[in-house]
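In this text, all values refer to a predicted model and were calculated from it rather than measured experimentally. Heavy-atom basis, side chains included; hydrogens, waters and symmetry copies ignored. Just so you know, residue 1 is the first one in the sequence shown, and it goes up from there.
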Amino acid sequence: MPRTAQFAEYGDTDVLKLADTPAPVPGPGQVRIAVRAAGVNPIDWKIVAGFMREQFPLRLPAGTGSDVAGVVDEIGPGVTEFAVGDEVLGASATPSFADYALAEVGNLVGRPANMSWETASSLAGAGGTAYTVLQKLGLSAGDTLLIHGAAGGVGSFATQLAHARDVRVIGTASERNHEYLRSLGATPVTYGDGLLEGVRAVAPQGVDAVLDASGRGEVPMSIELTGDPAKVLSLVAFDAADSGIQLHTDGAGGLLAQALRELSALFAEGALTVNISRTYPLGDVVAALEDSRQGHLSGKIVIRP
């Protein structure tokens with residue numbers, strides 16, 4: 001019988017257990033995917049811990065995971081976009097840490113022939129979010145974007161998307177990630193004391209926008225650099241809501257398919273790199289989410305059924 005990673009109570013990652021579950025049946029506009037890989041995002045362990053229970057109310061036992069790549073196994077009524085046997089990637093409507101998952105056809109695109117399953121399963125969450133926040137910041141070619149946490153999941157996608165649009169990127173990161181950021185086309189600046197001066201040294205004219213994917217208290221300096229709080233967007237600094245900055249909590253929102261098409265095209269052109277830190281079998285889902293919770297790995301964590 002197919003397996004799904006489920007939790008019957010909120011708690012640490014070890015509340016997740018593999019359960020035998022019937023294969024889900026696709027409804028109108030849906031397909032069933034035989035999962036080949038599922039990317040892990042920080043929101044996954046946060047859901048298990050109960051941190052997101054107000055935003056995402058669940059009936060327990062429940063599963064988690066939404067980034068997915070796999071083979072279409074069954075199609076629902078009215079589906080013409082995909083056929084059984086098609087290889088797809090995107091976001092699932094049911095937990096993706098499983099052997100099978102359902103997805104709305106509008107949240108999927110075809111898998112490029114030269115893209116690994118691990119990479120394909122890593123685009124939707126972080127890549128889709130990066131695409132959408134760049135749209136919200138309204139950057140143009142020649143602009144300068146400062147990204148706090150540029151070597152992280154969303155940050156690395158945003159760096160590459162902006163670079164492909166001829167936007168200059170300055171990325172804050174620890175020293176060990178500077179060479180990685182340079183390989184993505186960014187100018188690195190080190191976290192810590194002197195960060196404001198470091199940014200000013202490489203961008204004396206200031207910056208046009210700031211994406212905060214770090215949450216290390218950089219909002220005041222970001223506003224100072226842009227001169228306008230509306231040009232600062234944070235994924236994490238919810239305590240700065242009254243400062244006038246933009247806060248983003250909706251992932252890719254309604255732009256997911258658009259984002260996936262652009263990300264896939266950039267990958268096919270050799271203009272997008274996805275760093276896979278570690279791959280786990282489905283039976284080691286607890287270890288995968290614990291690695292994500294600890295946050296010590298650089299790059300995406302992937303689960304393979």
Criterion side chain to side chain contact (heavy atoms under 4.5 Å, CB included) on Asp12 and Phe7, from CA distance to verdict: CA-CA 10 Å; Asp12 293 335; Phe7 56 102; over 6 Å; no
Side-chain donor-acceptor contact under 3.5 Å, Glu262 with Gln258: no
Nearest-0.5 Å distance that lies between atom CD1 in Ile303 and atom OG1 in Thr279: 10.0 Å
Salt-bridge criterion met for Arg200 and Glu197 (N-O under 4.0 Å):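 The answer is no: the pair does not qualify as a salt bridge.
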Option passing salt bridge (Lys or Arg N to Asp or Glu O under 4.0 Å) with Glu118 (candidates Arg304, Arg111, Arg36, Arg278): Arg304
Residue pairs, two or more places apart or on separate chains, that pass side-chain hydrogen bond (donor to acceptor under 3.5 Å, both in side chains) and touch residues 16-31: Thr4-Thr21, Gln30-Glu104
Steps toward side chain to side chain contact (heavy atoms under 4.5 Å, CB included) verdict (Val31, Asp86): CA-CA 10 Å; Val31 298; Asp86 285 350; over 6 Å; no
Pair Ser222-His148, side chain to side chain donor-acceptor pair (under 3.5 Å): steps then yes or no: CA-CA 9 Å; Ser222 299; His148 296 301; 3.0 Å; yes
Just by distance, do the side chain of [X] and the backbone of [Y] share a donor-acceptor pair under 3.5 Å?
{"X": "Glu74", "Y": "Pro26", "value": "no"}
{"X": "Ser277", "Y": "Gly299", "value": "yes"}
{"X": "Asp166", "Y": "Gly142", "value": "no"}
{"X": "Thr144", "Y": "Val207", "value": "no"}
{"X": "Gln6", "Y": "Gly63", "value": "no"}

CA sep, side-chain torsions, deciding dist, call: Leu60, Tyr10, side chain to side chain contact (heavy atoms under 4.5 Å, CB included): CA-CA 9 Å; Leu60 302 181; Tyr10 294 109; 4.0 Å; yes
Reference residue Tyr280; test side-chain contact (heavy atoms from CB on, under 4.5 Å); the match among Val285, Leu289, Ile301: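 One option only clears the test, and that one is Ile301.
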Option among Arg293, Gln294, Glu290 that satisfies the side-chain contact (heavy atoms from CB on, under 4.5 Å) test with Trp45: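 Answer after filtering Arg293, Gln294, Glu290: Arg293.
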CD/Glu54: more than 12 non-hydrogen atoms of other groups inside 6.0 Å: no
Crowding at NE2, His163 (>12 non-hydrogen neighbours, <6.0 Å):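 Incorrect, the count does not exceed 12.
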Asn114 side chain near Phe267 side chain, heavy-atom distance below 4.5 Å: yes
Transitive ILVMFWY side-chain link Val40 to Leu16, under 4.5 Å: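 Val40 clusters together with Leu16.
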Cluster check Leu134, Val167: I/L/V/M/F/W/Y, side chain < 4.5 angstrom: yes
Set of side-chain hydrogen bond (donor to acceptor under 3.5 Å, both in side chains) partners for Asn41, sequence neighbours left out: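 Asn41 satisfies side-chain hydrogen bond (donor to acceptor under 3.5 Å, both in side chains) with Asp67, Lys300 once adjacent residues are dropped.
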Worked check of side chain to side chain contact (heavy atoms under 4.5 Å, CB included) between Thr249 and Phe238: CA-CA 10 Å; Thr249 60; Phe238 303 114; 3.4 Å; yes
